[in-house]
Structures are given as structure tokens and as C-alpha cells.
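Lettering of chains follows the sequences in order, A, B, ..., and the numbering in each one begins at 1.
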Amino acid sequence: MSMTVTTTLKLDAATRLHMLHQMIEVRSVEARIQELFLENVIRGTTHLCDGQEAVSVGMAAVIDAKRGDTVTCTYRGHGHALALGLPLKSMMAEMMGKAAGCCKGKGGSMHLTDMSKGLIGTFAIVGAGLPITNGAALTAQIKKTGAISISIFGDGTANIGAWHEAINLAAVWKLPSVFLCENNLYGEYSAYGDTAPVPNVADRAAAYNIPGVIVDGQDAEAVYAVVKEAADRARSGAGPTLIEAKTYRFRGHSRTDPAAYRPAGELAAWQARDPITVLSARMIADGQLTESELTKMKNDADQLVEETTRWALEQPYPSVDSVNDDIWV
Amino acid sequence: MSMTVTTTLKLDAATRLHMLHQMIEVRSVEARIQELFLENVIRGTTHLCDGQEAVSVGMAAVIDAKRGDTVTCTYRGHGHALALGLPLKSMMAEMMGKAAGCCKGKGGSMHLTDMSKGLIGTFAIVGAGLPITNGAALTAQIKKTGAISISIFGDGTANIGAWHEAINLAAVWKLPSVFLCENNLYGEYSAYGDTAPVPNVADRAAAYNIPGVIVDGQDAEAVYAVVKEAADRARSGAGPTLIEAKTYRFRGHSRTDPAAYRPAGELAAWQARDPITVLSARMIADGQLTESELTKMKNDADQLVEETTRWALEQPYPSVDSVNDDIWV
Amino acid sequence: MATITYREAVVRALDEELARDENVIFFGEDVGKAGGVFKVTPGLYEKYGADRVRDTPISEVAIVGAGIGAAVTGLRPVIELMFADFAAVTLDQIVNQAAKLRYMSGGQIKVPLTIRAAQGGGAGFASQHSQCCEAWFMQAPGLKVAVPSNPADVLGLLKSAIRDDNPVIFLEHKNQYAEKGEVPDGEHLVPFGVAKIVREGSDVTIVATQRMVAVANKAAQELATQGISCEVIDPRTLVPLDMDTILASVKKTGRLITVEEAVHAGGWGGEVATQVTDAAIWYLEAPVIRVTMGSSNVPFSQPLEEAVIPDSKRVVEAVHRALKP
Amino acid sequence: MATITYREAVVRALDEELARDENVIFFGEDVGKAGGVFKVTPGLYEKYGADRVRDTPISEVAIVGAGIGAAVTGLRPVIELMFADFAAVTLDQIVNQAAKLRYMSGGQIKVPLTIRAAQGGGAGFASQHSQCCEAWFMQAPGLKVAVPSNPADVLGLLKSAIRDDNPVIFLEHKNQYAEKGEVPDGEHLVPFGVAKIVREGSDVTIVATQRMVAVANKAAQELATQGISCEVIDPRTLVPLDMDTILASVKKTGRLITVEEAVHAGGWGGEVATQVTDAAIWYLEAPVIRVTMGSSNVPFSQPLEEAVIPDSKRVVEAVHRALKP
Ligand SMILES: Cc1ncc(C[n+]2csc(CCOP(=O)(O)OP(=O)(O)O)c2C)c(N)n1
Ligand SMILES: Cc1ncc(C[n+]2csc(CCOP(=O)(O)OP(=O)(O)O)c2C)c(N)n1
Ligand SMILES: [Mg+2]
Ligand SMILES: [Mg+2]
């Protein structure tokens with residue numbers, strides 16, 4: 001069985017402020033992106049993460065790209081990418097398919113990548129990232145770099161074969177992999193309980209003889225604590241950990257989803273545990289932040305996002321001649 | 001965690017005799033097939049099951065093809081097919097690629113099929129049979145036939161994605177599926193413990209919130225008892241069960257495998273628990289069989305196999321014009 | 001004659017067949033309660049119930065396998081894989097199991113399974129959600145493959161697929177769901193293996209499928225103003241493939257151009273073209289030209305995506321080249 | 001010049017590259033302690049240790065994924081999928097991930113991964129263990145594909161594959177492992193994209209790969225006794241494909257025949273033939289004929305299996321037909 005961790009860890013004021021700042025920025029970005037989609041400035045589809053920002057910042061605080069730590073995540077990756085340090089400009093330009101985007105406009109919302117920040121891939125095929133995280137962990141194990149690799153995925157992903165094979169291989173090879181599940185209660189429009197026979201994703205850790213940990217996904221400090229512990233364990237050679245962060249997406253699955261399937265009151269109940277509020281309230285209580293500072297942070301973020309959006313709008317599209325670049329090395 | 005069942009069930013003398021007879025026949029067939037391969041009378045590859053006969057007969061005793069019960073098994077399927085009632089002639093002819101074979105020579109050793117006996121497929125791709133068993137179980141569930149479907153696979157198969165997806169779906173839909181693992185300690189040349197992080201395959205049942213049962217795979221009556229219980233449970237609508245029969249293959253993985261990887265004494269230890277001896281000794285103790293009767297049964301089986309082999313050798317190959325038959329309905 | 005959308009044609013076909021035959025069932029990810037990710041299957045769950053219309057976990061291998069097993073044992077399942085690109089996670093069940101079970105069993109097994117999936121680019125879904133995947137399936141003898149280009153064919157072919165005793169891959173073009181078209185009143189069935197001559201012509205034969213049919217028509221209209229007469233053929237099903245109609249046309253026009261929204265290697269155009277150059281080369285008065293995506297992936301950025309997917313301009317150029325003396 | 005088997009060429013290439021570059025690692029099912037199911041990799045585990053030569057669980061998705069991730073982060077993994085047919089259980093990792101990661105990331109990612117698998121029929125392994133699968137991979141831009149027909153090419157191409165910064169699918173023909181051939185002494189590298197003219201000729205160009213090269217040669221010898229001169233070309237790699245050599249030959253002979261041990265639809269012969277009929281149709285003096293398995297699966301029974309796999313008799317017939325006035 002899995003164990004639930006309720007950490008009482010308190011990070012220093014600077015770290016808290018950094019996390020809070022990142023969460024506020026992500027929140028602001030997601031809101032703007034939704035607008036840009038509705039205005040058809042951004043095309044295709046998008047999967048916003050607002051409500052889940054604590055997982056992004058708690059996870060990112062553990063990653064040290066210099067050492068070789070790496071992350072694979074999913075199409076719901078804007079928050080993870082920004083928290084890992086993907087420049088906002090690179091991201092906004094990529095969202096619009098501009099040449100200045102991190103993927104030169106070829107990837108878009110579902111494939112944000114920044115090798116320099118350890119984000120080695122954002123996968124739009126459910127489950128595809130986990131086996132690849134193992135490969136990065138294998139490099140670390142063989143080269144003895146002390147690096148780890150974290151794969152982030154959702155609750156619905158625990159039902160696909162790639163998930164099983166990857167966690168099994170990591171357990172058998174004792175790879176320095178960390179499997180971080182964002183259980184936001186839904187896989188697309190299906191409630192977790194309708195597609196899985198066990199109450200928690202972490203309950204499945206026992207099938208691989210690895211630790212299964214459940215954490216409050218609205219609490220950035222708690223997420224940091226469990227991911228840090230799993231990372232330390234992985235670096236020590238003890239193998240992978242399966243972490244389940246209980247969280248919630250404040251919007252539908254993707255741009256086109258009104259999320260009508262949600263029971264009345266569910267959203268409100270989770271908004272009451274908004275990760276930004278959870279951390280900022282704690283900081284205010286600890287005398288590390290004032291309401292007015294918080295308001296200013298939000299306004300500054302909105303302004304930065306607005307400026308960056310305007311900048312990105314003015315960026316050129318990639319030249320058509322570049323369409324077949326980067327297929328081959 | 002999984003539970004180990006040690007049954008004290010005693011089947012009636014007639015059923016025991018039938019099981020014993022089938023096991024002896026399978027043993028004799030496998031020995032002859034190995035010879036025919038070495039003589040290059042049979043080509044390709046084969047995966048013999050001698051040592052594992054108790055699983056075949058214990059499983060088959062639960063299947064009622066009339067009611068619609070079905071089975072999917074693997075390339076290691078000679079014993080299962082015969083126990084389910086595939087005529088020896090059909091099988092031997094198929095092994096030689098003759099027109100009189102159950103698959104008209106198109107399938108061979110790895111694809112024995114007999115729809116009339118509920119054997120809806122023998123799969124040479126590891127894990128491929130489990131999802132298909134679910135489909136047969138789905139038909140039974142929707143048509144309310146009271147039928148079940150059993151999927152038989154090996155210990156190494158528990159590491160492939162199809163295994164996970166199939167057991168999960170069966171658990172979520174409460175399908176009348178029974179997942180029967182023959183843990184013969186090896187997947188090809190790899191020891192079970194080298195590729196799986198849990199002591200028993202059945203330990204993984206908890207990840208699907210279904211019963212996991214371990215049974216002595218050398219004891220036909222014990223296998224029958226647990227499969228019967230799982231089948232009754234499935235018919236009642238309570239969903240699937242994962243059964244792990246601890247057994248051993250007396251030969252290498254396939255024709256070409258000398259099985260050098262086995263620790264000294266391992267084979268002998270398992271031969272001491274030969275499923276034929278286990279049941280026949282019990283019958284002799286219960287006064288249901290004499291040594292001489294047992295010897296006669298073995299001689300009769302060898303003779304039948306020999307006659308059938310000669311018959312099959314004389315059978316014609318399918319006409320070359322039939323090569324593209326049965327691609328399309 | 002009613003006018004309905006490509007999307008509505010899918011649900012009408014499913015509705016009619018679910019109503020006609022209780023052995024027809026339908027399942028896939030979010031196809032039930034939610035009515036499908038592409039909003040293609042609304043109302044079926046409510047109408048036919050949770051037993052016959054099911055939502056599944058995200059488990060494509062288990063989904064296809066369940067479809068196969070149910071088909072083998074007497075049902076006529078229709079399953080949805082959502083994006084055709086996802087077939088890659090379960091290709092074994094499709095090409096090694098569904099396609100071959102009948103053959104390997106010497107004809108004992110029948111697999112009346114219909115696998116629906118949405119393919120194609122043009123909407124900014126990037127490389128993992130925009131591919132045309134018909135080639136994966138054409139290579140597996142035992143599978144039939146349908147590629148409808150309009151609502152009437154969606155309706156008529158999907159109903160035929162569900163009634164077919166062979167496994168059928170039914171590929172819908174995700175960028176056509178909103179397209180409208182006329183469908184006959186009453187029961188409408190379109191047989192497999194019968195191509196449709198979309199436009200008659202005498203100078204050049206253009207074979208195209210799905211969204212490329214409209215692209216070919218647009219080119220044909222433009223060329224007509226230049227006095228060039230194009231015959232546009234929509235095979236409608238790639239397996240079986242109606243080569244008779246295509247060969248007859250090429251023997252008339254002497255020129256063949258195929259238009260595919262797919263990479264060049266392995267595309268159906270290669271099958272059409274090589275059958276023509278084997279059987280009718282003496283009728284050819286020009287190079288056989290395949291208009292394809294070449295060797296490109298589908299990029300996210302709009303101008304790049306528009307550059308890789310064939311448009312009428314490229315078809316016009318190809319026709320001009322074919323007509324160069 | 002030493003004479004070694006096709007099998008020995010595989011292990012020699014792996015051994016040389018494992019010794020040359022510590023970033024090269026090798027893993028797959030039973031490739032280590034047991035030396036491989038096809039006994040292709042003996043001794044490597046003992047020589048390079050359990051860290052660099054690993055046995056895996058039966059988990060093809062995890063195996064390919066681990067290969068990708070290790071390649072992305074600086075290693076040069078070689079993985080084995082045993083039978084190429086098994087690629088179908090992990091096609092997503094190969095064609096949607098390995099092939100596309102570089103493109104989707106705008107060139108940030110490099111995937112120097114080599115995926116080995118044994119393909120082909122002729123040994124009675126039936127439909128799920130006998131396919132030639134190159135078509136699955138040719139359709140995914142970003143993947144290179146090698147199909148060696150002899151020990152020297154196995155050695156030289158596998159070493160080149162391991163040094164290539166792109167993902168490479170390396171397909172060995174399981175029925176050629178025992179075939180002997182000469183290999184140059186010292187380091188031997190064969191570049192990708194350079195076809196080999198196996199036999200020069202002037203009347204007909206025959207393009208063949210792997211086991212079909214010998215089949216084509218046998219036919220060519222027989223035809224030589226009839227005064228017919230065949231040029232036999234082995235592309236050696238299908239991606240990249242050396243069309244220059246093939247086109248030059250067809251321009252000389254005016255006749256093209258492709259010989260594939262694969263189904264007709266989607267086969268590499270379609271790619272070769274359509275590139276020729278686009279670029280060189282005026283040079284053709286005969287129908288382009290593709291000798292393939294047609295639309296058959298591979299049956300178990302020997303006479304049936306021999307009937308579906310192309311033999312020299314069918315090649316001779318094709319040549320005669322191409323020469324019919
Ligand atoms: C193999 C595959 N199947 C289906 C999909 C379609 N799909 C995209 S996201 C998604 C839901 C995933 O749910 P979850 O893992 O909980 O992640 P979340 O979106 O909630 O973050 C599905 C089914 C896909 N992308 N890949
Ligand atoms: C997808 C796939 N991977 C690999 C193989 C090759 N293979 C055939 S049998 C086998 C071992 C299976 O072991 P287990 O499940 O324990 O069954 P056993 O042979 O012991 O009965 C392997 C790896 C295969 N047939 N299919
Ligand atoms: Mg979710
Ligand atoms: Mg085993």
C-alpha cells in the first residue's frame with residue numbers, strides 16, 4: 001500500500017518567494033494563452049495546468065540541469081517548462097509557431113523542449129515519456145553522474161502499457177528515475193475511478209516493490225519534500241519512487257472542453273485550496289509577504305505576460321524553407 | 001499480497017483417471033515431437049510443455065466449450081490444446097504442416113486453434129492473448145451466457161504492457177476473465193527474479209484490486225480447484241482473478257535451448273514432483289490405480305502417438321493453390 | 001436528400017447499425033458519456049446504454065484486443081482509437097492479431113471488427129497528432145481499409161464496414177468533420193472496392209483520397225479554365241483497391257497523378273502507380289507523378305504545415321509537368 | 001580477407017564498437033548472459049560487463065524508450081528487438097518518438113540509437129515471426145533503415161549505424177545468419193546511401209535486398225545462359241536510398257524489376273519504382289515489374305511458405321515478361 005506524506009517542511013523565504021513567483025507567472029500565462037486560443041491567435045489545441053502549479057514548482061526546485069538531471073513531461077507541460085526555466089519568450093513564441101520559439105515553431109504547445117534546462121521532451125502520446133526518462137536515468141547510472149530523471153504524467157496514464165513496462169524496468173535496474181503522477185481526478189472527461197480499480201495510483205507501487213507516496217499537490221513545499229526525498233533515494237542507488245500528487249485542473253482537459261462532467265461544487269472546493277493561496281497565506285502568516293506585495297506580484301506577472309505576448313505576436317514565422325530542417329542530424 | 005492455496009480437494013476416480021491419461025498422452029507427444037524436430041521432420045521452432053501438464057489438465061477440466069467458455073494460450077500450447085480436446089491427429093498433422101492439421105498447416109506449433117473446443121487462439125507474441133480473452137469475456141458478459149474466458153501465459157509475460165492493460169480493463173469492467181500464469185521460473189533464458197521485482201507474479205493482483213492466488217502447478221487437482229473457484233467467481237459477476245501456478249518445464253525454452261542456465265539439481269528437484277507422479281501416486285495410495293495399470297497407460301499412449309505420427313507423416317501437404325485461402329472471409 | 005456533416009454521418013451510421021443489430025457494440029476512450037473527443041458520437045450512450053456503448057481506460061492494446069476477442073466470439077464491435085497516430089501503440093493487435101488470426105487458424109476464426117480513427121493534418125496538432133496512417137494497415141493482408149472523403153461515403157462505408165466479416169480500419173479525416181454534404185434518404189450502403197469518378201476528364205487522371213479529393217477538384221477546376229480536362233478518382237477504400245476503374249481511366253487519359261496527404265515512401269500512391277506501370281505502361285504518355293508530403297513530418301507552425309500538405313497549386317504544377325511535351 | 005558468417009559479422013561489429021567507444025551500450029532480451037536468441041551476441045556480456053551489456057525484461061516499449069532516453073543524454077545505445085515482428089508492440093516509441101523528437105524539438109535533440117532486429121521468412125516460423133518489416137520504418141522520416149545482404153555489409157553498416165547520430169533501424173535477415181562471406185581485414189565501414197552493383201548487366205536492372213539478392217543473382221545466372229544480361233543492384237540501405245545508382249542503371253537497361261520478400265502494398269519496391277517512373281519513364285522499354293509476396297501472409301507449412309516467398313523462377317519469369325516485345 002502507498003503512504004500519504006504530510007510534510008511540515010518549511011523552505012527559506014527566498015525559495016518560497018521564488019516558487020510563489022513562478023506559480024503566479026504560470027497562472028497568468030495560462031489565462032492569456034486561453035484568450036489567445038479563443039482569438040485564434042494560437043491554433044491547434046492546448047492543455048492548461050492552472051490549479052496544478054504547485055507540482056511544477058515543487059518538482060522543478062529539485063532539478064539541477066547542470067548536474068544532468070532531466071525531466072520528461074506531457075502536453076500539459078506549460079507550468080513544468082516555465083518552472084524548469086524555459087524562457088517565457090521562447091514559450092510564447094513557440095505557442096504561436098514563431099521562429100523564436102524553443103522548438104522553432106515545429107513543436108507548439110504539446111512539445112515544449114529545452115535541453116539546456118533538462119526538459120528533454122514533452123510527449124503528446126500518453127505514457128511515452130516514462131520509458132524515455134528511464135533512458136536518461138540509465139545514462140546517469142552508467143556514467144555515475146549522480147543525476148536523476150523525473151517523468152511527469154497524469155492519473156489516466158497509469159492504465160497504459162508503457163507505464164507498467166517503464167516502472168518495472170526502472171525497479172529491476174534500480175534506475176535513478178522518479179515517477180511523478182499528477183492525479184487531477186480526470187483523464188480527459190473520465191473520472192479516475194471509472195477507469196482504474198484502485199483508489200490511488202500510488203497503490204500500484206507495491207507491484208514493483210518500490211515506494212508509493214501520496215502528497216498534497218496543492219502544497220508546493222510538500223511536493224518539493226517528497227520529490228527531493230525520492231530524488232535522494234534515486235541518487236543513492238536505491239531505485240525509483242512512484243509519487244502521486246493529488247491535484248486538480250481549474251479548467252477543462254483541453255481548449256474545447258467545458259468540463260461539464262464535473263460535479264457541482266468540485267471546482268470551488270479545489271479553488272479554495274488554490275496552490276498560490278496555500279503558499280502565499282503561509283508566507284503572510286510567517287511574515288514573509290504582505291497582501292499588497294502579493295497583489296503587486298500578480299500585476300507584474302500579468303504585465304510581463306502581456307509584454308511578452310505582444311513581443312511574440314510581432315515575431316516572424318519560420319521561413320518555409322526550414323520545414324525540412326532538423327529531420328536529420 | 002497474494003495468497004497461496006493448498007487444496008485438499010479430491011476429485012472422483014474417473015476425473016482423476018481422465019486427467020492422468022491426458023497428462024501421460026501430452027508427455028508422450030512432447031517427447032515424440034522433440035524427436036521429429038531433431039529429425040527435421042518438423043520445421044521451425046517448438047516450445048514443449050512437459051513438466052507443466054498438470055496446469056493444462058486442471059485448467060481444461062473447468063472449461064465447457066458448449067456453454068461458450070473460451071481459452072487463449074501461448075506458443076507453449078500443445079498440452080493445453082490436447083487437454084481441451086484438440087484431436088491428436090489434427091495436432092500432429094498441423095505440427096508437420098499438413099492439410100489435415102487443425103489450421104490446414106498454416107499455423108503450426110505456435111498457433112494451434114480449435115474453435116469447437118473453445119481454444120480461440122494460440123499467440124506467439126508475448127502478452128497478445130490476454131486482451132483478446134477479455135473480448136471473449138465481454139461477449140459472455142453482454143450476452144449473459146455465463147461463459148468465462150481463460151488466458152494462459154508465462155511468468156515473463158507479466159512484464160509486458162499488454163498484460164497490464166488487459167488485467168486492468170478486466171478489473172474495471174468486472175469481466176469474466178481468468179488470468180492463469182504458468183510460472184516455470186524462466187522467460188526464455190532469464191530467471192524470473194532477474195526481470196521482475198516482486199517474488200510472485202500473483203503479488204501484482206493487488207494493483208488491480210483482484211484476488212491473486214498461488215497454486216502448486218504440479219498438482220492437477222489443486223490447479224483444478226483454484227481455476228474452478230476463479231471461474232465461479234467470474235461467472236457470478238465478481239470479475240477476474242490472477243492465478244499463478246508454480247511449475248517447471250523439464251526441457252529448454254525451445255527446440256534449440258539446452259537450458260545450460262539452470263542451476264545443478266534444479267531439474268532433478270522438480271522431476272521429483274513430476275505432475276504425473278504426483279497424481280498417480282495419490283491414485284495408487286487411494287486404491288484407484290495400480291503400477292501395472294500406470295505402465296500400461298504410458299505404453300498405450302506411446303503407441304497411440306506413434307501410430308498418429310505415422311498417420312500424419314503420410315498425410316498430404318496442402319495444395320499450393322490454398323496459400324491465399326482464408327486471408328479474407 | 002438531406003444535407004449533413006461528415007461528423008453527423010459517423011454518428012448516423014453507428015446509430016443505424018446499433019439499432020439494426022444487437023450484436024453491434026461500440027467502445028473507446030470517452031466515446032460514451034462524453035460523446036467522443038471529436039464530438040462524433042453524442043447520444044449513443046444514452047440511447048443504447050452502458051453495456052453496448054462503453055468508455056474505456058487509456059489502454060489501446062486492451063481496447064483493440066477486447067474488440068478482437070468480442071468479434072471472434074460473435075459480436076460486431078466498433079472501437080475508436082481517437083487519433084490514428086495512437087494505432088502505433090497497439091499496432092501488434094491490429095496487424096499481427098486481428099489481420100492474421102483467420103489465416104493462422106486455417107479459416108476457423110472470423111474477426112468482424114471495425115476500428116475507427118481520425119487522421120490527417122491541417123489544424124496545428126503537430127507531428128504526433130496529424131499523420132495519415134493508412135500505409136500501416138495496407139501492408140497487413142487481412143485488413144480492409146476505408147478512407148471516406150465526404151458525408152455520404154462516411155455513412156455508406158461505415159455501415160458496410162460494420163457488416164463486413166473482416167476486420168476493417170475506418171479512417172476519418174479529422175479536418176473534414178465539419179464539412180457538409182448530401183446523403184440519400186433511407187438506408188445507404190457503399191460497397192468496398194468501388195472507386196468513385198468524382199469528375200470526368202480526358203487529359204489526366206488524378207487519384208486522391210479524403211481531403212485531397214477537394215484539393216484535386218480545385219486544381220481540376222483551375223485547369224479546366226486552361227482547357228485541360230482532368231478526371232478525378234476517389235478510391236474510397238484502399239483495401240480492396242478498385243484498380244479496374246483507375247486503369248480504365250489511365251488508358252483513356254495516358255497520364256496518372258496521385259495526391260496523398262502522407263509521406264512518399266510506402267504511401268498508397270506507390271501501390272496505385274506500380275500497378276499501373278506494370279499493367280498499363282504502354283498507355284502512359286507522361287511520367288507518373290506522386291504529389292505527397294515527401295519525406296516530411298507535420299510541423300506545428302501554420303505556414304510550415306501548409307507547406308508540407310499538398311495543395312491545389314502543387315497538383316496544378318504536377319499536371320502541367322505531365323503535359324509538358 | 002577473412003571469411004566469416006553473417007552472424008559473426010554482427011558480433012564483430014558490436015565488439016569493435018563497444019571497444020572503441022565507452023558510450024556504446026547494448027541491451028535487449030537475453031542478449032547478455034545467453035548471448036542472444038539467435039546466438040548472435042556471445043561473449044559481449046563477459047567482455048564488457050553487466051553495466052554495458054544488459055538483459056531486459058520482456059518489455060519492448062521500455063527497451064526502445066530506454067534506448068531513446070540514453071541516446072538523447074549522450075550514450076550510443078544498440079538495442080535488439082529479436083524478431084522484427086515484435087516492433088509492432090513498440091512502434092510508437094520508434095516512429096512517433098525516436099524518429100520525431102529531433103524535429104519536434106527544433107533540432108535540440110539528437111537520438112544516436114541503433115535498433116537491431118531479425119526479419120524474414122523461410123524457416124517455418126509462421127505469420128508472426130517471419131515478416132519483413134522495413135516498410136513500417138521507411139514511412140517515418142527521421143529513421144534510417146539498413147538491410148544488409150552479406151557479412152561484409154553487416155559489419156560495415158552496423159558499425160556505421162552505431163556511429164550515426166540519427167536513429168537507425170538495422171534489419172538482419174534471420175535466415176542468413178549462417179551464410180559465409182569475405183570481410184576486409186582491419187576497420188571496415190560501409191556508408192549509408194550507397195548501393196552496390198552486385199552484378200553488371202545491360203538488358204534488365206534487378207533491384208533486390210537481403211535474401212532476395214541471392215535469388216536475383218541465381219536468376220541472373222540462369223538468364224545469362226539464355227543470353228540475357230541482368231544488372232543486379234543491392235541498395236543496402238533503404239533510408240537513405242541511393243536512387244542515383246538505380247536510375248543510372250535503368251537508363252542503361254531500360255527495364256526495372258524489384259524483388260522484395262514482403263507484401264506488395266507499401267514495399268520499398270514501390271518507392272524505387274515510382275521514383276523511376278517519375279524521373280526516367282522515357283527510358284523504360286518495358287513494364288516495371290515488382291516481384292513480391294503479393295497480398296499473402298507467411299504460412300507455416302513448407303510448400304506454402306516456399307510458394308509465397310519470391311524465388312529465382314519468378315524473377316526469371318518477370319525478366320522474360322519485361323523482354324517480351
Ligand atoms: C496513447 C494515447 N491515447 C490517448 C491519447 C489521448 N489523450 C490525450 S490526453 C488524455 C488523457 C490523459 O489523462 P491523464 O493521464 O490523467 O493526464 P491529464 O490530461 O489529466 O493531465 C488522452 C486520453 C493520447 N494522447 N495518447
Ligand atoms: C512481444 C514479444 N517479445 C518477445 C518474444 C520472444 N519470446 C518468445 S517466448 C519468450 C519468453 C516468454 O516467457 P514466459 O512468459 O515466462 O513464458 P514461457 O515461455 O516460460 O512459457 C520470449 C521473450 C515474443 N514472442 N513476443
Ligand atoms: Mg488526469
Ligand atoms: Mg516462463
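- For the atom pair CG (C:L91) and CD (C:E60), the distance works out to 12.5 Å, reported to the nearest 0.5 Å.
- For the set D:P141, D:G270, D:A87, the entry with the most heavy-atom pairs within less than 4.5 Å of chain C is D:P141.
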side-chain contact (heavy atoms from CB on, under 4.5 Å) between C:K174 and C:F83, worked out: CA-CA 8 Å; C:K174 71 173 78 71; C:F83 287 79; 3.4 Å; yes

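- No salt bridge links D:D203 with D:R255; every basic N to acidic carboxylate O contact stays at or beyond 4.0 Å.
- Side-chain contact check for D:I109 versus D:Y103: every heavy-atom pair is 4.5 Å or farther apart.
- The two residues D:V239 and D:F192 make their nearest non-hydrogen contact at O-CD2, 4.0 Å.
- The two residues D:V272 and D:L241 make their nearest non-hydrogen contact at CG2-CD2, 4.0 Å.
- Counting heavy atoms from C-beta outward, C:Q119 and C:E134 have side chains that approach closer than 4.5 Å.
- Here the options are C:I58, C:I63, C:V37, the test is side-chain contact (heavy atoms from CB on, under 4.5 Å), and the partner is C:M82; only C:V37 passes.
- Top candidate by heavy-atom pairs under 4.5 Å with chain C, chosen from D:V95, D:T90, D:N96, is D:N96.
- Along residues 275-302 of chain C, the residues that come nearer than 4.5 angstrom to chain D, judged on non-hydrogen atoms, are C:Q275, C:T277, C:D278, C:I281, C:W282, C:L284, C:E285, C:A286, C:P287, C:V288, C:I289, C:R290, C:S295, C:S296, C:N297, C:V298, C:P299 in order of number.
- Residue C:M138 touches chain D through both its backbone and its side chain, counting heavy-atom pairs closer than 4.5 Å.
- For residues 121-133 of chain D, a heavy-atom distance under 4.5 Å to chain C picks out D:S127, D:Q128, D:Q131, given by residue number.
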Step by step, would you call C:W268 with C:T209 a side-chain contact (heavy atoms from CB on, under 4.5 Å)? CA-CA 10 Å; C:W268 59 259; C:T209 55; 3.4 Å; yes

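- Proximity of D:H264 to C:E271: side-chain heavy atoms (C-beta onward) are separated by under 4.5 Å at one or more points.
- Closest of all the heavy-atom pairs between D:A117 and D:L81 is CB-CB, 4.2 Å.
- Proximity to chain C involves both the backbone and the side chain of D:V89, based on heavy atoms less than 4.5 angstrom apart.
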